[in-house]
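Inspection log for the structure reproduced underneath, given as structure tokens.
Just so it is clear, the values below take in all heavy atoms, side chains as well, and ignore hydrogens, waters and symmetry mates. Numbers here simply count residues along the sequence, with the first being 1. Only a predicted model underlies this, so the values are computations on that prediction, with no experimental measurement involved.
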Amino acid sequence: MTISIASFIQSELEDLTQIDRDPCVSLYMPTHPAGVPSVREDPVRLKNLVSGAERQLQERGLPRSAIDNILKPARQLIQPENRNFWQSQNQGLALFLTEGTSYHYRLPQNFEPLAVVGNRFYLKPLFGLLSEDGHFYILALSLNGVRLCRATRYHIEELSFDRAPQGLAEALQYDDPEKQVQIYTGGSSTTVRYGQGVAASDRKETIHRYFQQVDRAVCETLGHSNRPLVLAGVDYLLPIYREVNSYPTLLEKGIEGNPDDCKLETLLREAWHVVEPYFKRQQQQAREQFHELVGTGQATDRLEEIVPAACYGQVDTLFIAEGVRRWGRFDPQTRRVEMESSDSTNAEDLLELAARQTLLQNGTVYLVEPKQVPSEETSVAAVFRYPVPAGQPERPA
């Protein structure tokens with residue numbers, strides 16, 4: 001099975017995590033867009049990574065036939081007949097190979113070349129796409145309709161929003177018929193004409209009622225989410241919507257302009273300018289929270305405590321240093337962590353394990369420069385969801 005997408009979201013992380021077929025091969029490399037002379041180097045770089053993976057598989061004692069079967073999808077991409085594949089790349093390429101299954105992702109991230117063979121896929125380089133950039137929503141408002149989108153810094157998708165009225169005309173079709181409201185929609189504007197005796201000042205009230213229906217639909221669709229929501233719409237509509245809004249994390253600043261003909265990529269670019277400062281504040285607050293809670297049983301920089309806590313869903317916020325690996329083994333039965341001085345056949349990167357489990361259980365992970373980890377002496381720091389005695393992370397109920 002081969003998947004090629006322009007984004008990486010949590011559902012893909014969950015799919016890759018569930019694959020347990022030792023050995024698993026993970027390959028990461030930078031790529032170049034079509035027309036750049038360096039694009040010719042990309043197949044060579046992949047060939048070198050495949051050679052590195054091959055050596056690791058040989059060290060594990062795999063027979064030649066098994067090695068060839070696992071690496072076949074990557075080797076096929078190097079062949080001359082697949083040159084078109086290299087003409088449609090993003091900034092980076094990630095490949096995941098195991099017996100009978102392969103995945104590849106064109107991604108907006110410039111990876112360092114890396115080949116890792118282990119008993120599961122190595123996903124740590126991807127965490128930046130899922131973590132500190134955060135997830136947020138965009139609500140594009142107009143009198144002609146509404147769109148609700150879910151986004152990260154690099155990805156945007158339009159959500160099904162059937163609960164919302166698709167425009168002012170639909171919202172008020174059966175509303176207050178005695179006012180004889182007639183709605184005319186054409187092009188990118190909506191004209192509201194009122195029957196005899198209806199003041200033009202009622203226009204705001206009419207839009208107000210429309211937005212009340214939209215707000216109810218937003219809350220029903222997003223449930224108990226507290227992800228930030230960015231509004232997009234012409235300037236006079238945004239304050240009207242804010243008056244009726246009941247979603248708890250609506251950002252004060254919005255995107256002004258008519259969103260009807262706006263492409264999703266443009267919405268994402270404009271929304272990121274609005275939401276980026278919010279995520280930076282969140283990260284700084286998380287650092288401050290760590291320093292406040294350290295020593296109380298609700299924050300630690302001890303990897304031996306963090307790994308089992310992450311596996312049992314107890315980590316709320318995790319900082320890990322980018323480019324650092326901490327090798328070891330974790331036994332879920334005894335809840336013991338054993339550190340290793342270097343990579344061995346049975347060892348794994350415990351930082352990657354802690355981050356993966358934190359993300360899968362709806363925690364927040366910040367992949368940061370080593371000097372940005374709140375604890376100055378280690379490459380990891382965590383805030384727990386509730387205090388747990390040192391060395392005694394609780395199993396989930």
Might you work through the side chain to side chain contact (heavy atoms under 4.5 Å, CB included) test for Leu62 and Ile70, ending with a clear yes or no? CA-CA 11 Å; Leu62 260 69; Ile70 291 172; 3.9 Å; yes
Ion pair check, [X] and [Y], cut-off under 4.0 Å:
| X | Y | result |
| --- | --- | --- |
| Arg356 | Glu352 | yes |
| Lys280 | Glu276 | yes |
| Glu41 | Lys47 | no |
| Arg269 | Glu265 | no |

Applying ring-ring contact (aromatic ring centres under 6.0 Å, His included), can you list everything that pairs with [X], at least two apart in sequence or on another chain?
| X | result |
| --- | --- |
| Phe121 | Phe96 |
| Phe111 | Tyr28 |
| Tyr210 | none |

Taking every non-hydrogen atom, the tightest pair across [X] and [Y]:
| X | Y | value |
| --- | --- | --- |
| Lys124 | Tyr122 | CD-OH, 3.4 Å |
| Arg60 | Asn119 | NH2-N, 4.0 Å |
| Leu238 | Ala232 | CD2-C, 4.0 Å |
| Leu27 | Ala115 | CD2-CB, 3.6 Å |
| Gln89 | Leu93 | OE1-CD1, 3.9 Å |
| Ile306 | Ala354 | CG2-CB, 4.2 Å |

With sequence neighbours excluded, give me every salt bridge (Lys or Arg N to Asp or Glu O under 4.0 Å) pair touching residues 108-120.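 Found Arg120-Glu348.
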Output every pair passing salt bridge (Lys or Arg N to Asp or Glu O under 4.0 Å) with a member in residues 234-248, not counting sequence neighbours, ordered by first then second residue. Lys204-Glu243
Quick one, Tyr103 with Thr98, criterion side chain to side chain contact (heavy atoms under 4.5 Å, CB included). Give me CA distance, side-chain angles, the key distance, then yes/no. CA-CA 9 Å; Tyr103 302 81; Thr98 190; over 6 Å; no
Under 3.5 Å: donor-acceptor pair, side chain of [X], backbone of [Y]:
| X | Y | result |
| --- | --- | --- |
| Gln109 | Leu126 | no |
| Thr152 | His155 | yes |
| Gln298 | Phe384 | yes |
| Gln357 | Tyr312 | no |
| Arg106 | Ser88 | yes |
| Asp349 | Arg325 | no |

Among residues two or more places apart or on two chains, list those pairs meeting ring-ring contact (aromatic ring centres under 6.0 Å, His included) that have a residue in residues 238-261.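 Listed once each, the pairs are Phe211-Tyr241.
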Give the C-alpha distance, both sets of side-chain angles, the deciding distance and a yes or no for side chain to side chain donor-acceptor pair (under 3.5 Å) between Gln283 and Arg287. CA-CA 6 Å; Gln283 187 177 132; Arg287 286 195 184 89; 2.6 Å; yes
Measure the spacing between [atom1] of [X] and [atom2] of [Y] and express it to the nearest 0.5 Å.
| X | Y | atom1 | atom2 | answer |
| --- | --- | --- | --- | --- |
| Thr266 | Asp261 | OG1 | CG | 11.0 Å |
| Arg40 | Arg83 | CZ | CZ | 12.5 Å |
| Glu338 | Arg329 | CD | CZ | 5.5 Å |

Would you find more than 12 non-hydrogen atoms of other residues, nucleotides or ligands less than 6.0 Å from [X] atom [atom1]?
| X | atom1 | answer |
| --- | --- | --- |
| Arg385 | CZ | yes |
| Arg75 | CZ | yes |
| Glu252 | CD | no |

Check whether NZ of the Lys or CZ of the Arg Arg153 lies under 6.0 Å from the centre of the six-membered ring of Phe279 and within 45 degrees of that ring's axis. no
Is it the case that the side chains of Asp42 and Thr31 hold a donor-acceptor pair, with the cut-off being a distance below 3.5 Å and no angle test? no
Are side-chain N/O atoms of Arg216 and Gln212 paired as donor and acceptor at under 3.5 Å?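 Side chains of Arg216 and Gln212: no pair found under 3.5 Å.
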Could you go through Glu304 and Arg335, starting from their C-alpha distance and side-chain angles, then the distance that decides it, and tell me whether this counts as salt bridge (charged side-chain N to carboxylate O under 4.0 Å, His left out)? CA-CA 9 Å; Glu304 296 87 344; Arg335 294 182 279 180; over 6 Å; no
[Y] side chain reached by [X] side chain, heavy atoms, under 4.5 Å:
| X | Y | answer |
| --- | --- | --- |
| Leu107 | Asn90 | no |
| Thr249 | Tyr278 | yes |
| Thr378 | Leu303 | no |

Before giving the answer on salt bridge (charged side-chain N to carboxylate O under 4.0 Å, His left out), spell out for Arg209 and Glu205 the whole-Å C-alpha distance, their side-chain angles and the decisive distance to 0.1 Å. CA-CA 6 Å; Arg209 293 199 306 274; Glu205 179 188 345; 3.2 Å; yes
Output the rest of the hydrophobic cluster of Val383: all Ile, Leu, Val, Met, Phe, Trp and Tyr residues reachable through side-chain heavy-atom contacts under 4.5 Å, sorted by chain and number.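 Phe290, Leu293, Val294, all in the cluster of Val383.
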By side-chain hydrogen bond (donor to acceptor under 3.5 Å, both in side chains), which residues pair with [X], not counting sequence neighbours?
| X | result |
| --- | --- |
| Asp316 | none |
| Glu99 | Asn69 |
| Arg302 | Glu305 |

With side chain to side chain contact (heavy atoms under 4.5 Å, CB included) as the criterion, how do Glu322 and Glu369 come out once you've worked through the C-alpha distance, each side chain's angles and the decisive distance to 0.1 Å? CA-CA 5 Å; Glu322 189 173 11; Glu369 294 291 330; 4.0 Å; yes
Sequence-distant partners of Asp301, salt bridge (Lys or Arg N to Asp or Glu O under 4.0 Å), two or more places apart: none
Apply the test side chain to side chain contact (heavy atoms under 4.5 Å, CB included) to residues Tyr105 and Leu16: give CA-CA distance (whole Å), side-chain angles for both, the deciding distance (0.1 Å), then the verdict. CA-CA 12 Å; Tyr105 298 88; Leu16 292 173; 4.1 Å; yes
Quick one: side-chain contact (heavy atoms from CB on, under 4.5 Å) partners of Ala286, sequence neighbours excluded? Thr317, Phe319, Tyr366
Hydrophobic clustering (ILVMFWY, side-chain heavy atoms < 4.5 Å, transitive) - are Tyr236 and Val146 grouped together?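 Same cluster: Val146 reaches Tyr236 through Ile, Leu, Val, Met, Phe, Trp or Tyr contacts under 4.5 Å.
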